[in-house]
Amino acid sequence: MLLSAQTQRLQASSARPSQSAIPVLRSALGRRPQMKIRRLPGVVLPEPLPQQQWPELSEQQQQQHHPDVSCAAGGAAAAADAPTPAYSADFIRRRLVVFVSIVIGYSCYYLTRNSLTYTAPVMVADPKLAMDITQIGAMTSIFPIAYGMSKFVSGVLGARFSPSVLLAGGLMATALINIAFGFGTSLAWFCFFWALNGTLQGVGGPCCARILTTWFASKERGTYWGMWNIAHNLGGFAAPLIAGGFAKSMGWKWGMWAPGIIGLVVGCFVLLACKDKPEDLGFPPVEPAAEKPKEAGEVKPKPNVLKQLLNNVLKNPFIWGMALT
């Protein structure tokens, strides 16, 4: 037993280093001998491989090696830095005349549209007509029905024919209807011409939209479209002053004749000043359209107005839904 206990103490003391030996071990471990490679006689060491020199590629060659990256970067830079098209002073003046003509022209549509509203009180007060408010209500109820139905046809006509001619022709036609309305004395006369007026009133809006699209680029179209919308306010502001003022001072007939005469004059101005597109005056288009390659012998069929009206409008349930609402 005594021998085994002494043996265990000797083994434990040999396993643990003494406190005096620890610094020696640390200094020995901290010294890292520098290994030197000695070249043995007769042994040839391999030489390091030369670093491969890659040829420098030009910018054009880099675009050929990476077409997707270069095209994407170039397209993004072109879209971000695309300048506003520079127009000549002559083109800007001519385009301003076109813009003013469609604003004033569509304002007169509102003048010939709202003339009866401000002439009707004087018509009721005229003992020669012997009309009451019920008959006036019948006339004014026919107008929105005819006006709503005219919008089905006006969009197709505006895309098929000259928008400037339709804009001016529709305005002069509504002006003549206002003048003819003033010569009537019966309810049937009044209802017929006022329904005809509502049918022609739907021509103005689509024609103005098409003219704006051809004369103004997409970047500036929203600005001028917003400014064109003041035509609604101009026409609504002028109708009570002109129609109501003439009806009160000179009789209900002049409440219809005065807007009609102004509509004829403005219609002639629109016909002379407004053009469909810049190419009609020798200017380049604001947004050149990319032409699709045509095959040899391919003949483009002419669009059928009645077929387009039937398929795109009358058979479209969404248009019927909007019309009913």
Side-chain angles (χ1 to χ4, degrees), residues 100-151 154 166-205 207-208 228-271 273:
V100 171
S101 67
I102 63 176
V103 170
I104 297 177
Y106 197 68
S107 299
C108 286
Y109 271 90
Y110 269 76
L111 181 61
T112 58
R113 181 184 308 175
N114 297 327
S115 54
L116 179 60
T117 304
Y118 303 101
T119 307
V122 184
M123 294 176 66
V124 174
D126 190 352
K128 296 181 181 179
L129 292 177
M131 299 187 68
D132 55 11
I133 196 65
T134 305
Q135 294 173 325
I136 298 295
M139 286 188 291
T140 55
S141 298
I142 293 175
F143 180 88
I145 298 175
Y147 180 53
M149 295 183 64
S150 71
K151 290 187 174 182
S154 59
L166 280 178
L167 179 65
L171 178 57
M172 288 188 287
T174 59
L176 291 174
I177 289 173
N178 273 255
I179 295 174
F181 188 95
F183 289 101
T185 55
S186 64
L187 180 62
W189 179 280
F190 295 146
C191 289
F192 170 76
F193 279 99
W194 205 240
L196 188 59
N197 185 26
T199 304
L200 294 171
Q201 285 287 335
V203 178
C207 295
C208 292
W228 172 81
N229 276 283
I230 66 173
H232 305 77
N233 306 98
L234 289 176
F237 173 77
L241 297 178
I242 297 175
F246 275 94
K248 182 179 179 181
S249 59
M250 302 180 66
W252 71 269
K253 293 180 180 292
W254 277 100
M256 304 299 297
W257 290 344
I261 295 172
I262 295 174
L264 285 175
V265 174
V266 174
C268 294
F269 166 72
V270 172
L271 187 61

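All residue numbers refer to positions in the sequence shown, counting from 1.
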Pairs of donor and acceptor atoms involving the side chains of residues 127-139, under 3.5 Å and at least two apart or interchain, shall be tabulated with distances.
{"from": "D132", "atom 1": "OD1", "to": "T134", "atom 2": "N", "distance (Å)": "3.4"}
{"from": "D132", "atom 1": "OD1", "to": "Q135", "atom 2": "N", "distance (Å)": "3.1"}
{"from": "Q135", "atom 1": "OE1", "to": "D132", "atom 2": "N", "distance (Å)": "3.3"}

N/O donor-acceptor pairs under 3.5 Å from side chains in residues 229-249, not counting sequence neighbours:
{"from": "N229", "atom 1": "ND2", "to": "W225", "atom 2": "O", "distance (Å)": "2.7"}
{"from": "H232", "atom 1": "ND1", "to": "N229", "atom 2": "O", "distance (Å)": "2.9"}
{"from": "S249", "atom 1": "OG", "to": "G245", "atom 2": "O", "distance (Å)": "2.8"}

Distance-only check: which donor-acceptor pairs under 3.5 Å involve side-chain atoms of residues 173-191, not counting sequence neighbours?
{"from": "T174", "atom 1": "OG1", "to": "T112", "atom 2": "OG1", "distance (Å)": "3.4"}
{"from": "T174", "atom 1": "OG1", "to": "G170", "atom 2": "O", "distance (Å)": "3.3"}
{"from": "T174", "atom 1": "OG1", "to": "L171", "atom 2": "O", "distance (Å)": "2.7"}
{"from": "N178", "atom 1": "OD1", "to": "S115", "atom 2": "OG", "distance (Å)": "2.6"}
{"from": "N178", "atom 1": "ND2", "to": "T112", "atom 2": "O", "distance (Å)": "3.2"}
{"from": "N178", "atom 1": "ND2", "to": "T174", "atom 2": "O", "distance (Å)": "2.8"}
{"from": "S186", "atom 1": "OG", "to": "W189", "atom 2": "N", "distance (Å)": "3.4"}
{"from": "W189", "atom 1": "NE1", "to": "A180", "atom 2": "O", "distance (Å)": "3.0"}

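Side chains of C268 and M172 form a contact here, defined as non-hydrogen atoms less than 4.5 Å apart. A heavy-atom distance below 4.5 Å is found between the side chains of W194 and N197. Side-chain contact between C108 and I262 is present, with at least one heavy-atom pair separated by less than 4.5 Å.
Remark: V265 pairs with no residue by the side-chain contact (heavy atoms from CB on, under 4.5 Å) rule, at least two apart or across chains. Listed by chain and number, the residues in a side chain to side chain donor-acceptor pair (under 3.5 Å) with W257 amount to none (sequence neighbours excluded).
Sequence neighbours left out, not one pair with a member in residues 112-132 passes ring-ring contact (aromatic ring centres under 6.0 Å, His included).
At least one cation-pi condition fails for R113 and Y109: the charged atom is not both under 6.0 angstrom from the six-membered ring centre and inside a 45 degree cone around its axis.
Between S150 and G198, the closest heavy-atom pair is OG-O, 3.5 Å.
One finds the CZ atom of F269 at 5.5 Å from the OG atom of S101 (value rounded to the nearest 0.5 Å). In this structure, the separation between CH2 on W252 and CG on L116 is 9.5 Å, given to the nearest 0.5 Å.
The side chain to side chain contact (heavy atoms under 4.5 Å, CB included) with V270 is formed by just one residue from the set V100, L167, I104, I102; it is L167.
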